[in-house]
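Structure record follows, encoded as structure tokens.
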Amino acid sequence: MSANATSENEENVLVGVIGGSGLYHLDNLTYVKHVNPETPWGFPSSPITICSLPSGTRVAFLARHGPGHTISPSAVPSRANIAALKSLGVRAILAFSAVGSLREEIPPGHFILPTQIIDRTKGIRPASFFEGTSVVAHAMFGEPFSMKLVKWLEGPVRKALEDEGRGVQLHTDKCIVCMEGPQFSTRAESLMYRMWGGDLINMSVLPEAKLAREAEIGYALIATATDYDSWRPHSEAVTAAAVFKVLHDNASTSRHVAATILEDLHAAALDGDVLTEEAGSMKFSIMPRSEKRTDEDTAKLAYILPAYFS
Ligand SMILES: CSC[C@H]1O[C@H](OP(=O)(O)O)[C@H](O)[C@@H]1O
Ligand SMILES: Nc1ncnc2[nH]cnc12
């Protein structure tokens, strides 16, 4: 285990990609190597693949559920995933996720950049790096995604989808419900989420987005619709089989989008413009130092926030 994240930053990888269901590799990029950092929160879901873009720029790829999809959404080691990406120098995360649609106008196959989240996880997932330590922190989460990053993504993602030519449309400003799973929702729940203002549903965006915020990493989600969940009265409720039918095409389009936009995203992250909301955001979220803070906790938290815990 390393002392802190930045001292491990030999790769100088600024952008990390998290792949969800169906997206287990970015094999349209050049493979460089695998790394598997042990963090204070354990090992990530899978070894992280370092890939190279045509210019030589490196990006990191992590399969959320492991390469053979062996980790259920409730058991994803999100703290280790986010900490491991931070240890490589990652400052912006582009996460992909298969989602159910709660809106008629978002059919399976469409892509979405959500801007809000409703938390329907059940409190069984460790959701903070500060949990179990002697340090209390309250991160801002009113805007759960990095709005500058989301706004930046809109143009390049839309263009990449148009260039691909499969007619995949992009929706913006949507609200995603994150449920616990692993079972899908009942029809009553699905209808309730629509009444609450939910547009999409998945089992993965939390606590990933919260942990990225605590680690001061810009985080945006590209949601890829696979089904209409269970709210449509005359249609079958969602099944895994229905989801699998769409995963392959969605993954192929996701790889195309990633390959098309990552070079510019890396440049934007290097420039810093898309990440100004995150940089320094935890500084005033951490409660004042108490005499109860242990050296062990300080060292642990230095792994993700060396600026405040060294
Ligand atoms: C395979 S259907 C349910 C599963 O799909 C989504 O995974 P991911 O977000 O990693 O693409 C959803 O969150 C569930 O985990
Ligand atoms: N309907 C759904 N509910 C929750 N997670 C999903 N992932 C894909 N489709 C989903």
Side-chain angles (χ1 to χ4, degrees), residues 16-26 44-46 61-78 81-82 93-104 106-114 117-122 124-125 144-145 171 174-194 196 198-212 219-232 235-255 257-258:
V17 177
I18 298 181
S21 299
L23 187 63
Y24 308 111
H25 52 80
L26 290 180
S45 296
S46 61
F61 176 82
L62 171 59
R64 182 183 289 122
H65 302 280
H69 204 129
T70 51
I71 307 172
S72 82
S74 305
V76 169
S78 294
N81 289 351
I82 298 298
I93 292 176
L94 188 57
F96 286 87
S97 171
V99 305
S101 166
L102 300 173
R103 300 289 157 194
E104 193 65 46
I106 309 177
H110 280 196
F111 279 30
I112 312 97
L113 286 169
I117 305 177
I118 293 174
D119 189 356
R120 279 277 296 165
T121 61
K122 300 284 169 71
I124 62 173
R125 308 174 183 196
F145 298 101
H171 303 261
K174 301 297 176 198
C175 175
I176 183 162
V177 177
C178 186
M179 60 174 293
E180 190 59 56
Q183 299 84 357
F184 292 115
S185 307
T186 64
R187 287 189 181 276
E189 287 164 339
S190 195
L191 287 165
M192 178 180 74
Y193 297 145
R194 278 166 52 82
W196 284 0
D199 302 302
L200 313 166
I201 184 162
N202 82 349
M203 305 176 191
S204 308
V205 70
L206 295 177
E208 214 169 76
K210 289 183 175 176
L211 294 164
Y219 179 92
L221 188 79
I222 300 191
T224 65
T226 50
D227 55 86
Y228 272 120
D229 203 46
S230 306
W231 58 272
R232 280 166 125 209
S235 301
E236 274 190 3
V238 59
T239 61
V243 171
F244 295 152
K245 279 191 191 147
V246 191
L247 278 184
H248 181 264
D249 281 354
N250 280 3
S252 155
T253 299
S254 300
R255 278 191 280 273
V257 168

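Whatever order the structure lists them in is the order used to number ligands and atoms, beginning at 1.
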How far is [atom] from the closest protein heavy atom, and which atom is that?
atom	result
atom 10 (C) of ligand 2	Gly100 N, 3.4 Å
atom 7 (N) of ligand 2	Ala98 O, 3.0 Å
atom 5 (N) of ligand 2	Asn202 CA, 3.4 Å
atom 6 (C) of ligand 2	Ile201 O, 3.7 Å

* Under 4.0 Å from ligand 2, counting heavy atoms only, is it the side chain of Asp227, its backbone, both or neither? -> side chain
* Structure fact -> Output for ligand 1, non-hydrogen cut-off under 4.0 Å, lists Gly20, Ser21, Arg64, His65, Pro73, Ser97, Ala98, Phe184, Asn202, Met203, Ser204, Val243
* Verify, without hydrogens or angle tests, whether Asn202 (side chain) and Ser204 (backbone) share a donor-acceptor contact under 3.5 angstrom. => yes
* Backbone N or O of Phe96 within a donor-acceptor pair of the Arg64 side chain at under 3.5 Å? -> yes
* To do: Taking only heavy atoms of Asp229 into account, list the atoms of ligand 2 that are under 4.0 Å away from them.
  => 1 (N), 2 (C), 3 (N)
* Are any of the side-chain nitrogens in Lys210 or Asp119 under 4.0 Å away from the carboxylate oxygens of its partner? -> yes
* Between His25 and Phe61, does the ring centroid distance fall short of 6.0 Å? -> no
* Look only at interatomic distance and state if Val243 has a nitrogen or oxygen under 3.5 Å from any nitrogen or oxygen of ligand 2. => no
* Asked: Taking side chain as C-beta onward, heavy atoms only, is Pro108 less than 4.5 Å from Thr226?
  -> no
